[in-house]
Amino acid sequence: MAASVRARSLLEVRNLKVALPAHADRPFAVNDISFDIGKSEILCIVGESGSGKSLTAAAIMRLLPRSVSIAGGSIHLDGTDLLALSRTQMRELRGRRISMIFQEPMTALNPLMRVGRQIEEILEAHTDLDQRQRTERVLELMHAVELPEPGQLRHAYPFRLSGGQRQRVMIAMALALDPVLLIADEPTTALDVTTQKQILALIKRIQSRMGMGVLFITHDFGVVAEIADRVGVMQHGHIVEMGPAMELLNAPRHAYTRKLIAAVPRLEPRPTEEGETDDMLRANRLSKTFVTGGGLFMRRRVVRAVRDVELVVHEGQTLGVVGESGSGKSTLGRLLIRLIEADGGEVTFAGKDFLHASSRALRALRPKIQMIFQDPYASLNPRRKVGEIIADGPRAHGAARAEALEQARRLLTLVGLDAGALDRYPHEFSGGQRQRIGIARALALNPRMLIADEPVSALDVSVQAQVLDLLNDIRRRFNLSMLFITHDLRVAAQVSDRIAVMRLGEIVEMGPTADIFLRPRHDYTKELLDSIPGRKWVAPALFAD
């Protein structure tokens, strides 16, 4: 039976076990899983963080961390037993027969090496091509992944490229030796919807043209609907359900699959708060220009990040700001809270001039407008306990330490964490829990308005749903106003009363959420909506048993 399966399958994984260190919470990160991938087939593995998806990919590549090991099972690629290969043999096979696209290209690419040279290194290590042939192949690969002006771009360093361009470079590197199996580990998670659509279409086209098998790891069911032939759902190291993509998406059998699908934000505007309230924050002709370079060896570069922006956030309501990476969304948020200073314009908060307020006046106003950051791990001091981090704000404004810590305890309970979290460090929490801590810190000064900058973009769908519900509950309970910055239009639909669409530093369209989603006027808004992965798939309203 096994031999016949291998004869028609490109990849065969049988009873794979990946063991964690002895002190871990559970013995196996991957526990007795089996699956196949056929030639010219895309299998998506989906599940929450910690489910074992990425470690499954790393086990296939034989790139597991030193503290983690394969404890059982078999992996065959086109009949070759990967677990029986020596390190040297496996190194020869990587790239040539099996290749991988990593989640974050900025950390996977060498920041000190030009991108063309990084692609060429693979050819230099694995082929007998001479310099001219390698250069031709690099240009051919960059053209194949649709990078603009390959002749010039190959000389650029990674930080000079956009997120989508860096991901295309990673794909070019993965395809350099024409592998038969491509593993893509969350390759579009950090990308905006239009770039994500382009990357997914690119992978699909290349896979179809080359006849590759693809193992695509993701937590986004929209991506699954867009690209998968079959889907496997992982939970706690087990594959709990496997089947054809649309069959599993539309009629899931396992309770965990139903729970995940139920957590997918619907592309449906939530009911808008009735009546128009007073202005909490208003911006008029707000602008910011960044100038970089201009030295002896670098051309001066001028970026108009925010251009004459005008917007209003009403009391007790949420304004969603959506757009692609580089549209100016995050810069706008930081201008409004004066983390960076504007070049011109006006900002009034609660009827008072916020943009030109003196240091003394700003100190009185700032507690009333707080920010929730995209990456709570980067914004929380790893050397300090959570209670102290939350208490810092009130203490800086005159509260006694005991009083501030007691308030921190109450806030942790409010955001769904037990009081014991007070004496723990940020690294002891999951991503979703750290985001709850970030929300508690933002609430510590009793603000009237929150600015949330991509607060759920890195979270699994179920954790994302929990944090969005928490934000909506807190907003209603305390009558908070909120500016919610996101590139995920499904998320924007769930939290926003009104939406502003940004493009190249300008707001091109703004209005009630239902109008923006159901009756978009601007071509760019229509393009964003059309780019949402899996838009034609409507997640069924299912709930776990």
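Excluded from the calculations below are hydrogen atoms, water molecules and symmetry mates; all remaining heavy atoms, backbone and side chain alike, are included.
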Task: CD1 on Ile33 to NZ on Lys53, rounded to 0.5 Å - done: 12.0 Å

TODO: Look only at the side chain of Glu428 and the backbone of Tyr425, and say whether a donor-acceptor pair between them is shorter than 3.5 Å.
DONE: yes

Open item on the list: Any salt bridge linking Asp220 with Arg490? Criterion: basic side-chain nitrogen under 4.0 Å from a carboxylate oxygen.
Closed with: no

Task: Donor on one side chain, acceptor on other, His487 and Glu324, under 3.5 Å - done: no

Open item on the list: Is it the case that the side chains of Ser86 and Gln89 hold a donor-acceptor pair, with the cut-off being a distance below 3.5 Å and no angle test?
Closed with: yes

Open item on the list: Does Arg519, at its CZ atom, have more than 12 non-hydrogen atoms belonging to other residues, nucleotides or ligands within less than 6.0 Å?
Closed with: yes

TODO: Can you establish whether the number of heavy atoms outside Arg154 located under 6.0 Å from its atom CZ is more than 12?
DONE: yes

Open item on the list: A side-chain contact here means heavy atoms from C-beta on lying under 4.5 Å apart; do Leu64 and Ser69 qualify?
Closed with: no

Open item on the list: Is any side-chain heavy atom of Val214 closer than 4.5 Å to one of Leu43?
Closed with: no

Open item on the list: Nearest 0.5 Å, please: how far is CD in Gln466 from CG in Leu471?
Closed with: 12.0 Å

TODO: With the side chain counted from C-beta on, respond yes when Leu332 and Met502 share a heavy-atom pair under 4.5 Å apart, and no when they do not.
DONE: yes

Open item on the list: Let me confirm one number: the CG-NE2 distance from Leu380 to His427, rounded to the nearest 0.5 Å.
Closed with: 12.5 Å

Task: Spacing of Met234 atom CE and Ser54 atom OG [to the nearest 0.5 Å] - done: 10.0 Å

TODO: Drop me the distance from Ile122's CD1 to Arg96's CZ, to the nearest 0.5 angstrom.
DONE: 12.0 Å

Open item on the list: Any salt bridge linking Arg62 with Asp81? Criterion: basic side-chain nitrogen under 4.0 Å from a carboxylate oxygen.
Closed with: no

- [ ] Ignoring hydrogens and angles, tell me if any N or O in the side chain of Arg258 forms a donor-acceptor pair with the backbone of Arg253 under 3.5 Å.
- [x] yes

TODO: Evaluate side-chain contact (heavy atoms from CB on, under 4.5 Å) for Leu528 paired with Thr525, printing each intermediate quantity in order.
DONE: CA-CA 5 Å; Leu528 287 180; Thr525 308; 5.7 Å; no

TODO: Please tell me if the side chains of Ser531 and Gln196 come closer than 4.5 Å, counting only heavy atoms from C-beta onward.
DONE: no

TODO: Kindly assign one of parallel, tilted or perpendicular to the pair Tyr524 and His522, based on the angle between their ring planes and the thresholds 30° and 60°.
DONE: perpendicular

TODO: Report the C-alpha separation of Met510 and Leu319 in whole Å, then their side-chain angles, then the decisive distance to 0.1 Å, and conclude whether the side-chain contact (heavy atoms from CB on, under 4.5 Å) test is met.
DONE: CA-CA 9 Å; Met510 183 160 55; Leu319 174 68; 4.3 Å; yes

Task: cation_pi(Arg434, Phe429) dist<6.0 Å, angle<=45 - done: no

Task: Val415 side chain reached by Ile437 side chain, heavy atoms, under 4.5 Å - done: no

Open item on the list: Between Asp469 and Arg476, is the salt bridge (Lys or Arg N to Asp or Glu O under 4.0 Å) condition met? List the steps.
Closed with: CA-CA 11 Å; Asp469 287 343; Arg476 286 192 298 267; over 6 Å; no

- [ ] Fit a plane to each ring of Phe159 and Tyr157, take the angle between them on a 0 to 90° scale, and name the class: parallel (under 30°), tilted (30 to 60°) or perpendicular (over 60°).
- [x] parallel

Task: Set of residues satisfying salt bridge (Lys or Arg N to Asp or Glu O under 4.0 Å) with respect to Arg436, sequence neighbours excluded - done: none

TODO: Examine distances only and state if a side-chain atom of Lys329 and a backbone atom of Gly323 form a donor-acceptor pair shorter than 3.5 Å.
DONE: yes

TODO: With rounding to the nearest 0.5 Å, note down the distance linking CG in Leu182 to CD1 in Ile206.
DONE: 8.5 Å

Open item on the list: What I'd like to find out is whether the side chain of Ser34 reaches to under 4.5 Å of the side chain of Leu16, using heavy atoms alone.
Closed with: no

- [ ] Could you verify whether a donor N or O on one side chain and an acceptor N or O on the other, from His219 and Glu48, lie under 3.5 Å apart?
- [x] no

Open item on the list: Regarding Gln198 and Arg168, do their side chains bring together a donor and an acceptor under 3.5 Å, going by distance alone?
Closed with: yes

Task: Sub-4.5 Å side-chain heavy-atom contact between Ile60 and Leu11 - done: yes

Open item on the list: Under a 4.0 Å threshold between the charged nitrogen and the carboxylate oxygen, would Arg205 count as salt-bridged to Glu146?
Closed with: yes

Task: Check: Val46 and Phe221 side chains under 4.5 Å, non-hydrogen atoms - done: yes

TODO: Among residues two or more places apart or on two chains, list those pairs meeting side chain to side chain donor-acceptor pair (under 3.5 Å) that have a residue in residues 225-245.
DONE: Glu41-Arg230, Glu241-Thr257

